[in-house]
Engineer: 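Can you keep this structure in mind? I'll have questions shortly.
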Amino acid sequence: MSICGTIVSLLFFILLKNALTGYIFVGTLGLMMSGIYSITLVYANYSIPNSAHLVTPIISGLSGLGSAVFPAATGFALDRAGVAMTLWYIVGIAIAYLIFLLVINQLRSGRIKFNWHLRRAQPAFAGRRTRYK
């Protein structure tokens, strides 16, 4: 719901060119995007049991990296393409994130089968396999 609310808020912000509605949708956008981080953190800790000591710092670190890279990329896009095109880039990023979430959900539920055994590299010398203990 958070990512869908983010996409809807961005679309209304772009399409409705009124200052009052702009303030409303920027506020809604902030609320929706803050939910993305917290839900991602809870979902990752739930999905990978007994690894909260690893998952939480990794997600927090990646969030920090994203909060450094995203403003720089947005500023670059604002300089090169203008405000309207930059907002559409952000909508594209949000839609890509939603698609990734849907694909991950389909993979986890088993509706999409991925043949992992076809991806495994074959050893160079099939007769000599090293065992690691």
Engineer: Is it possible for you to say whether Leu29 and Ile39 belong to one hydrophobic cluster, with membership spreading through side-chain heavy-atom contacts below 4.5 Å?
Structural biologist: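 Each belongs to a different hydrophobic cluster.
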Engineer: Considering non-hydrogen atoms only, spot the tightest contact between Tyr89 and Ala77 and give its length.
Structural biologist: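 Looks like CD1-CB, 4.0 Å.
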Engineer: Please check if atom CZ in Phe12 has more than 12 non-hydrogen atoms from other residues, nucleotides or ligands closer than 6.0 Å.
Structural biologist: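 Counting other residues, nucleotides and ligands, CZ of Phe12 stays at 12 neighbours or fewer.
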Engineer: Hey, quick one: are Ile24 and Val26 part of the same hydrophobic cluster, counting side-chain heavy atoms closer than 4.5 Å, chains of contacts allowed?
Structural biologist: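 Hydrophobic grouping puts Ile24 apart from Val26.
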Engineer: Looking at CG of Leu15 and OG1 of Thr21, how far apart are the two atoms once the value is rounded to the nearest 0.5 Å?
Structural biologist: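 The CG atom of Leu15 sits 10.5 Å away from the OG1 atom of Thr21.
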Engineer: Which atom pairs, donor and acceptor, lie under 3.5 Å between side-chain atoms of residues 64-76 and protein residues at least two apart or in another chain?
Structural biologist:
| unit_1 | atom_1 | unit_2 | atom_2 | d |
| --- | --- | --- | --- | --- |
| Ser67 | OG | Ser63 | O | 3.3 |
| Ser67 | OG | Gly64 | O | 2.8 |
| Thr74 | OG1 | Phe70 | O | 2.8 |

Engineer: Can Val42 be reached from Leu101 by stepping across I, L, V, M, F, W or Y side chains whose heavy atoms are under 4.5 Å apart?
Structural biologist: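 Leu101 and Val42: separate clusters.
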Engineer: Testing the basics here: between Thr28 and Ser9, what is the closest heavy-atom pair and its distance to 0.1 Å?
Structural biologist: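 Distance-wise, the nearest heavy atoms are CG2-OG, 3.2 Å.
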Engineer: If I take atom CD1 from residue Ile58 and atom CG from residue Leu41, how far apart are they, to the nearest 0.5 angstrom?
Structural biologist: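 Going from the CD1 atom of Ile58 to the CG atom of Leu41 covers 11.5 Å.
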Engineer: Are a donor atom and an acceptor atom from the side chains of Tyr37 and Ser60 found within less than 3.5 Å of each other?
Structural biologist: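 Judged by distance alone, the side chains do pair up.
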Engineer: How many angstroms lie between OG1 in Thr6 and CG in Leu98, if you round to the nearest 0.5 Å?
Structural biologist: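 It comes to 10.0 Å.
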Engineer: Side chains of Val91 and Leu87: closer than 4.5 Å at any heavy-atom pair?
Structural biologist: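 No. Closest side-chain heavy atoms not under 4.5 Å.
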Engineer: Counting only N and O atoms by type, is there a donor-acceptor contact under 3.5 Å from the side chain of Ser38 to the main-chain atoms of Gly35?
Structural biologist: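 Side chain of Ser38 to backbone of Gly35: a pair is present.
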Engineer: Should the heavy atoms of other residues, nucleotides or ligands under 6.0 Å from CG of Asn50 be counted, would the total exceed 12?
Structural biologist: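 Not buried by this count: 12 neighbours or fewer within 6.0 Å.
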Engineer: Is it possible for you to say whether Phe100 and Leu62 belong to one hydrophobic cluster, with membership spreading through side-chain heavy-atom contacts below 4.5 Å?
Structural biologist: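 In one cluster: no.
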Engineer: How far apart are the closest heavy atoms of Thr86 and Leu78, and which atoms are they?
Structural biologist: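 Closest heavy-atom pair between Thr86 and Leu78: OG1-N, 3.4 Å.
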Engineer: Give me the atom names and distance for the closest heavy-atom approach of Ala52 to Pro57.
Structural biologist: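 Closest pair (atom of Ala52, atom of Pro57, distance): O-CD, 3.9 Å.
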Engineer: Met32 and Met1: which non-hydrogen atoms are nearest, and at how many Å?
Structural biologist: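 Reported closest heavy-atom pair: SD-O, 4.2 Å.
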Engineer: So, do Phe13 and Val8 sit near enough that their side-chain heavy atoms are less than 4.5 Å apart?
Structural biologist: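 They are not in contact (no side-chain heavy atoms under 4.5 Å apart), so the answer is no.
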Engineer: Any link between Leu31 and Leu11 through a network of hydrophobic side chains (Ile, Leu, Val, Met, Phe, Trp, Tyr) touching at under 4.5 Å?
Structural biologist: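 No, it is not one cluster - the side chains of Leu31 and Leu11 are not joined through contacts under 4.5 Å.
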